[in-house]
2 protein chains.
Amino acid sequence: MSAVTKTAANSVAVILGHDLSSIDDGDVTWSDAHANFLSSLSQEEIQDLLTCSRLLVLKPRDHLFRAGDHSKDVYIVAEGCIRLFKVSPTGKETILWFNFPGELFGMAEIWSGSQRQVYAIANEATRVYSIRRQDFIKFLGAHPEAAMKAIGILSARVRALGHTLGGLASDNVETRIARLLMRFAAISSATRCSSGVNDAELCVNVRLRHQDIANLIGASRQTVTTTLLQLRKLGAVRMVDHHIHIVQADHLRCLF
Amino acid sequence: MSAVTKTAANSVAVILGHDLSSIDDGDVTWSDAHANFLSSLSQEEIQDLLTCSRLLVLKPRDHLFRAGDHSKDVYIVAEGCIRLFKVSPTGKETILWFNFPGELFGMAEIWSGSQRQVYAIANEATRVYSIRRQDFIKFLGAHPEAAMKAIGILSARVRALGHTLGGLASDNVETRIARLLMRFAAISSATRCSSGVNDAELCVNVRLRHQDIANLIGASRQTVTTTLLQLRKLGAVRMVDHHIHIVQADHLRCLF
DNA sequence: GCATGTTTGTCGCCTGGATGACAATAAACA
DNA sequence: TGTTTATTGTCATCCAGGCGACAAACATGC
């Protein structure tokens with residue numbers, strides 16, 4: 001891993017805990033699927049937690065860990081974005097989710113002490129706080145409130161994964177894309193789109209290549225390209241810079 | 001809900017905490033995906049937890065809760081089996097998992113205070129301990145060890161769901177069935193098959209209709225029937241009573 | 001014992017979407 | 001500025017698996 005390491009004790013101020021306003025996608029509130037761990041903690045808790053952390057600086061495409069690794073840390077994104085994905089024996093990549101600033105991840109593996117099941121790589125220039133398993137467990141023990149929040153995070157993830165699973169099993173590609181876009185629009189709604197043209201439209205403020213979307217919804221790149229093009233022709237979405245804007249949220253929603 | 005309610009304070013003895021021996025399915029230990037919460041607790045913890053629980057008695061197909069409900073309890077299976085599933089707008093059912101004795105479930109929804117996202121119904125005659133949200137949170141606060149275990153359970157579930165998701169996105173039906181059977185063989189390995197014919201073969205000691213398998217792996221019933229038949233012709237599996245025995249685990253594993 | 005409901009086994013048809021192959025851009029780099 | 005490498009757009013081909021429709025085999029209740 002080509003990450004630079006610094007101590008992070010005093011860089012609490014760096015964290016931009018973006019509170020997520022929730023967007024209802026019909027029957028499910030998605031915001032909590034990416035519940036922001038760090039910003040839900042008190043100042044003291046943050047201080048306590050980050051004091052024993054190291055700050056890792058990652059360039060785009062740097063690996064944080066790979067499936068099979070025995071790394072026993074949990075991570076919190078300080079800045080940037082981490083992609084978590086699986087790779088099938090045939091090399092097909094399935095993205096489980098993206099982690100944005102303030103989000104806690106890597107928790108799932110540290111309990112069983114087993115190997116990591118997924119890959120984590122920086123989707124862009126990214127900085128993450130790395131906290132050793134032991135320190136994290138100690139922290140949770142000392143801060144029951146925080147432990148409850150960790151449970152909440154995991155719960156949200158269970159719900160989100162369940163939802164994705166249901167969608168993958170029953171919906172067609174168009175619907176899955178629609179759901180995905182609404183979901184990302186919800187979680188990136190806090191970071192206002194710089195080219196804030198129309199306030200009525202939702203901004204999917206993440207750089208997603210068609211291949212990423214394909215890996216996220218379990219489809220082929222070509223199908224994503226085609227489907228997205230249809231959606232654009234219909235005027236449901238449009239491209240701004242290199243990200244997607246949802247022009248007619250209703251149109252997407254009615255695909256659900 | 002047609003469940004009978006009794007107080008459960010003194011029925012601790014009923015619980016058969018079956019310790020699961022782990023079966024390695026190649027690179028993943030599956031047993032922890034159904035980690036047994038109750039049997040991982042100490043006697044005092046069990047006592048504390050169940051004292052504030054109610055025992056619900058369910059007949060096969062009784063609903064414990066439905067998507068949209070506001071029930072705010074967590075549950076622990078005492079006996080029998082609870083099926084957790086989603087239903088798509090088109091009526092397609094996707095089974096997330098089965099809960100066996102000792103397992104804790106229903107945790108995911110109680111934090112956000114939102115509606116239940118899934119359906120929970122008794123797969124057979126089943127008894128579950130029902131614990132109110134407040135009591136459960138209080139319990140976790142008072143027993144940090146137990147809170148850690150709850151985190152472990154959720155972590156395992158996140159891993160399992162991620163695995164399923166990856167499989168659904170990349171594997172064909174045959175492979176998904178193979179994976180599923182190995183997984184169920186692992187979790188039901190504790191309850192020895194009564195008709196314990198051959199010790200070399202693994203027993204999937206759960207009553208699964210083809211429709212169930214289909215809903216579990218996101219396929220159609222017909223395809224499951226056909227695929228299972230192939231597997232039988234090949235001698236990889238066979239039917240005993242009404243459940244499946246894995247004759248050649250290697251054969252299934254090499255489909256992964 | 002009969003009737004009704006459930007689960008399994010089998011077909012043929014049909015389509016959503018995977019796959020491979022390229023051309024056309026757009027971005028990165030030297 | 002020219003060269004290389006990502007990314008997007010398009011098409012023709014092919015097939016795994018969904019779907020409807022039955023028949024046979026079990027169950028279950030009356």
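Reminder, nothing fancy here: chain letters follow the sequence lines and each chain counts from 1.
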**Asked** How sharply is the helix from C:dG1-D:dC30 to C:dA30-D:dT1 bent, taking the axes over five pairs at either end and rounding to 10 degrees?
**Response** 50°
Report the distance from atom [atom1] of [X] to atom [atom2] of [N], rounded to the nearest whole Å.
X	N	atom1	atom2	result
B:Gln230	C:dT8	CD	P	17 Å
B:Met239	D:dC26	CE	P	12 Å
B:Arg232	C:dT8	CZ	P	10 Å
A:Leu168	C:dA18	CG	P	10 Å
A:His210	C:dA18	NE2	P	15 Å
B:Arg238	C:dT8	CZ	C1'	19 Å
A:Gln211	C:dA18	CD	P	11 Å
A:Ile244	D:dT7	CD1	P	15 Å

**Request:** Report, as a single string ordered 5' to 3', how protein heavy atoms within less than 4.0 Å touch nucleotides 16-23 of chain D: B base, S sugar-phosphate only, - not at all.
**Result:** -SSBBB--
**Message:** Quick check on DNA chain C: between B:Arg207 and B:Leu229, whose nearest nucleotide comes earlier from the 5' end?
**Reply:** B:Arg207
**Request:** Using the six-membered ring wherever Trp is involved, compare the ring planes of A:Tyr119 and A:His63 and label them parallel, tilted or perpendicular (cut-offs 30° and 60°).
**Result:** perpendicular
**Prompt:** What pairs with B:Arg209 under salt bridge (Lys or Arg N to Asp or Glu O under 4.0 Å), at least two apart in sequence or on another chain?
**Reply:** B:Asp212
**Prompt:** B:Asp73: what forms a salt bridge (Lys or Arg N to Asp or Glu O under 4.0 Å) with it, not counting sequence neighbours?
**Reply:** B:Arg54
**Message:** Under the criterion side-chain hydrogen bond (donor to acceptor under 3.5 Å, both in side chains), I'd like the reasoning laid out for A:Thr223 against A:Thr226: C-alpha separation, chi angles, the key distance, then a yes or no.
**Reply:** CA-CA 5 Å; A:Thr223 308; A:Thr226 317; 6.0 Å; no
What protein N or O atoms touch nucleotides 4-6 of chain C N or O atoms at under 3.5 angstrom, if any, and at what distances?
none

**Prompt:** Which residue pairs pass the ring pair (Phe, Tyr, Trp, His ring centres under 6.0 Å) test with at least one member in residues 200-222 of chain A, sequence neighbours excluded?
**Reply:** none
**Prompt:** Backbone N or O of A:Gln117 within a donor-acceptor pair of the A:Glu109 side chain at under 3.5 Å?
**Reply:** yes
**Message:** Closer than 3.5 angstrom, by distance alone: can the side chain of B:Lys86 be matched with the main-chain N or O of B:Glu93 as a donor-acceptor pair?
**Reply:** no
**NZ/NE/NH1/NH2 to OD/OE distance under 4.0 Å, A:Glu124 and A:Lys59** = no
**Message:** Quick check on C:dA26: is either OP1 or OP2 less than 4.0 Å from any side-chain nitrogen or oxygen of A:His242?
**Reply:** no
**Request:** Consider only side-chain N and O atoms of A:Thr126 and A:Arg83, and report whether a donor and an acceptor are under 3.5 Å apart.
**Result:** no
**Request:** Please determine if B:Arg253 forms a cation-pi arrangement with B:Phe256, meaning its NZ or CZ atom is less than 6.0 Å from the six-membered ring centre and no more than 45° off the ring axis.
**Result:** no
**Request:** Under the side-chain hydrogen bond (donor to acceptor under 3.5 Å, both in side chains) rule, what do A:Thr164 and A:Arg183 come out as? Steps first, then yes or no, please.
**Result:** CA-CA 11 Å; A:Thr164 307; A:Arg183 182 176 166 184; 3.3 Å; yes
